[in-house]
Amino acid sequence: MGKPRSVCTAPGKIILLGEHSVVFGKPAVALAIDRYMTCTVSESDDFLLNGHRASLKKNPHLSRIMDVHGLKGLAVNTDSTVPPSSGLGSSAALSVSFSGAVRTLLGLDASPESMARDGFDAEYYSQGRASPIDSSVSAQGGGVGINCPAELCEPLWRVERDGRVWDVSSVKTPEMTLVVGNTGIKAATGPLVEKVRKYKERNRFASDIVDEMGSLAEAGLRHMSRGDLVSLGACMTQNHKLLSILGVSCPELNKLVKAALPHSFGAKLTGSGGGGSMVALTDSPGAVCDAIRKRGGEPHVVTAGVAGASARFL
Ligand code: MEV
């Protein structure tokens, strides 16, 4: 008999409203999408990644979770359909799926909450700062709200770090058609989060924009709960404008958003920005895909609200 092996698959995400402002504890909403990261793990004295000896330093998400669970070595295999550094939650899906696989191998609790907490900790450690939105939606699946008005959601768990509080909840999502447009430009989250922190610290105007993005996310959640896609889309487009003013969009993202808007209820960048992807809420996915393709982006119609991470022994 070979060594025991465990596996966990976790979805990527889109953020409908509230990226960046959520880092400061403002409301936000994200949906799990049908792009997946799978991690398989088994015991090893060394750290092996996809069959090769690898550097723990160069894999901070994995090394952090290994440290937390007292592991010095491990054989890890990854398989992913979430494009990396593209705003679709690849690092959270990696952290969550790795946590689920490790926890299962060690006989520990692999509930969505425990995977989400490990994932958040790994994101925080690797990025220097983070909110729990990406890790929570990857672990829990469906729609996840952060600091959402109580009447609009089902509470899940609370996360606290450095004086900030994020109440994570599950939100019902109406039937929605979403098109993701990838600029093909890779952008790391950490530096963009740091850029917003510095801007907000030095500038009252930036601080007001962060507050405004929080109010917009709350308004969007109310529209979503009533199934009002027209108003939800308007909030998304306004959110994109505010993110642009904060300096986290780029010409390529703006081009794809502009191309999608004539055929959409609303469109915005998703994730940390600086490249990566935008998302459009639409009832004409074909027209949006054509428009994105014409402007040099790679369009995908995604299924949103899919199930969260699940782990098992192989
Ligand atoms: C990245 O997907 C979302 C950000 O708000 C960072 C975070 O919440 O950790 C930019």
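Whatever order the structure lists them in is the order used to number ligands and atoms, beginning at 1. Sequential numbering from 1 along the given sequence is applied to the chain's residues. It should be emphasised that the depicted structure is a prediction, and the values quoted were computed from it without experimental measurement.
Around ligand 1, the residues contributing at least one heavy atom under 4.0 Å from the ligand are K13, I15, E19, H20, V22, V23, Q127, A130, S131, I133, D134, V193, G271, S272.
The existence of a salt bridge linking R222 and E151 is confirmed by a sub-4.0 Å separation between a basic side-chain nitrogen and an acidic carboxylate oxygen.
Side-chain contact of E123 with S91: a donor-acceptor pair under 3.5 Å is present, judged by distance alone. Judged by distance alone, the side chains of D67 and Y125 never bring a donor and an acceptor atom under 3.5 Å apart. Residues N50 and T78 have side chains that bring a donor and an acceptor to within less than 3.5 angstrom of each other. Residues T177 and T282 bring no donor and acceptor atom of their side chains to less than 3.5 Å of each other.
When hydrophobic residues (I, L, V, M, F, W, Y) are linked wherever their side-chain heavy atoms come within less than 4.5 Å, the members clustered with L314 are V7.
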